[in-house]
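Please read these numbers as outputs of a predicted model, since none were measured by experiment. Order of the sequence lines sets the chain letters (A, B, ...), proteins ahead of strands, with each chain counted from 1.
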2 protein chains.
Amino acid sequence: MKPQTKKTIDDLLGSAKLRRTGPRRTVLEILMDAKRPQTVDEIMTAMSRGCANKVTVYRTLESLVVAGLVHRAFVHKRAEHFELADRCTEAQCHPHFTCTSCGKTFCLTDLSLPLIKGLKKGFVFHKQQVRVDGLCPACS
Amino acid sequence: MKPQTKKTIDDLLGSAKLRRTGPRRTVLEILMDAKRPQTVDEIMTAMSRGCANKVTVYRTLESLVVAGLVHRAFVHKRAEHFELADRCTEAQCHPHFTCTSCGKTFCLTDLSLPLIKGLKKGFVFHKQQVRVDGLCPACS
DNA sequence: AGCTAAATGCAACTAAGTTGCAAGTAAAAA
DNA sequence: TTTTTACTTGCAACTTAGTTGCATTTAGCT
Ligand SMILES: [Mn+2]
Ligand SMILES: [Mn+2]
Ligand SMILES: [Zn+2]
Ligand SMILES: [Zn+2]
């Protein structure tokens with residue numbers, strides 16, 4: 001890990017008022033390196049040595065989600081997928097494209113849709129999420 | 001059940017080339033009556049008497065999904081939620097609103113967003129789904 | 001009525017995620 | 001720097017949505 005990255009990670013944890021622990025640093029680093037949302041299983045594999053307990057990874061992710069550093073992006077094949085919360089606005093995360101053939105997911109970080117209009121009286125809008133499916137370049 | 005409804009259900013199954021069995025008729029009727037997407041658990045409860053086996057309900061839903069009569073609307077609290085496939089277009093199901101306070105979900109059948117534009121070369125668009133969260137009238 | 005492929009039911013299984021509790025440690029206090 | 005304490009971790013046991021294999025039943029056909 002570059003010292004620069006380490007600084008960023010510790011700053012992130014500090015500004016979120018979270019203790020700088022090994023598992024938190026490792027999980028954050030893995031999510032920073034990942035180019036798509038990760039399952040707990042994928043994160044565990046990426047930890048290989050420096051490997052924390054599965055329960056710790058779940059609790060680490062939960063603390064990062066509560067702190068707003070990480071988002072639960074979507075559920076696919078019964079597994080929650082996590083990603084860094086940067087590249088999302090308050091009202092809308094970037095859309096995700098999942099290939100129905102190979103199952104891979106792509107972050108559409110440079111695309112977005114207008115916010116939904118016309119919610120009935122009494123409904124308070126917080127956020128919208130968009131999922132797209134189809135075929136990826138490798139499968140089409 | 002009104003004889004009219006029975007006719008409709010049998011027509012649906014017939015046009016989907018599915019055998020008209022008890023569980024299929026019951027599950028379809030439950031989904032027609034439901035005003036929000038249902039979990040297998042909710043469907044089982046609604047079946048009370050006439051109750052089919054859990055595995056049968058899963059397999060029934062799968063056959064209805066493959067036939068295009070039913071959609072997997074979303075996953076909430078680790079459970080798949082199913083609904084009738086009417087009130088959706090080929091390219092987009094109606095959006096769903098989930099209240100972050102009480103957990104209830106509302107079908108926004110009369111709202112929609114434009115289809116996403118600008119997919120990179122090689123990607124083939126099939127369908128998009130939109131989920132909104134916030135507070136429902138009872139919780140806001 | 002008899003045939004056959006499709007559907008059902010049961011039991012056992014899989015796997016993502018959770019919980020309780022004892023032990024360890026980051027960070028604040030002394 | 002040492003002590004203190006609340007927060008964090010690890011382990012084992014658990015929960016639960018969903019799946020699989022196989023024997024039995026049945027819808028739809030002839
Ligand atoms: Mn993403
Ligand atoms: Mn709906
Ligand atoms: Zn693909
Ligand atoms: Zn509510």
_Taking donor-acceptor contacts at under 3.5 Å, does the side chain of A:K54 reach the base of D:dG10?_
no

Rounded to whole Å, the OH-P distance (A:Y58 to D:dA12) equals 18 Å

Practice item. Measure the shortest side-chain to side-chain distance between A:H96 and A:H94 over non-hydrogen atoms and say whether it is less than 4.5 angstrom. Key: yes

Going by heavy atoms in the side chains, are A:L111 and B:L119 under 4.5 Å from each other?
yes

Between D:dT26 and B:T21, is there an OP1 or OP2 to side-chain N/O distance shorter than 4.0 Å? no

- Message: Whether the side chain of B:E42 engages the backbone of B:T39 through a donor-acceptor N/O pair (distance < 3.5 Å, no angle test) should be reported.
- Response: yes

Taking the side chain as C-beta and beyond, is there a heavy-atom pair between B:T98 and B:V132 under 4.5 Å?
-> no

Side-chain contact check for A:R19: nearest option of C:dA27, D:dG10, C:dG17 is C:dA27

From CG of B:L61 across to C1' of D:dG18 the rounded distance in Å is 12 Å

Rounded to whole Å, CD of B:Q38 lies from P of D:dA17 at a distance of 15 Å

Could a donor-acceptor pair under 3.5 angstrom be found where the side chain of A:R59 meets the base of D:dG10?
yes

To the nearest angstrom, the CD-P distance between A:E62 and D:dC7 comes to 16 Å

In whole angstroms, the gap separating P of D:dG28 from CG of B:D10 amounts to 8 Å

When rounded to whole Å, the CE to P distance for the pair A:M44 and C:dA15 reads 15 Å

- Item | Phosphate OP1/OP2 of D:dC11 contacted by A:N53 side-chain N/O (<4.0 Å) | yes

Per atom distances to the A:P23 side chain, the nearest of D:dT9, D:dA27, C:dG9 is D:dT9

Describe the nucleic acid contact of B:T60 in one word from base, sugar-phosphate, nothing, applying a heavy-atom distance below 4.0 Å. sugar-phosphate

In whole angstroms, the gap separating P of D:dT26 from CZ of B:R24 amounts to 15 Å

Pair A:F125 + B:F97: ring centers closer than 6.0 Å: no

Of C:dT19, C:dA26, D:dA17, the nucleotide closest to the side chain of B:D41 is D:dA17

Under a 4.0 Å heavy-atom cutoff, the residues of residues 65-85 of chain B touching DNA chain C are B:R78

Residues at least two apart in sequence or cross-chain that pass salt bridge (Lys or Arg N to Asp or Glu O under 4.0 Å) with A:D86, listed by chain then number, are none

When rounded to whole Å, the CG to P distance for the pair A:L18 and C:dA27 reads 10 Å

Q) Any salt bridge between B:E62 and B:R72, counting N to O under 4.0 Å? A) yes

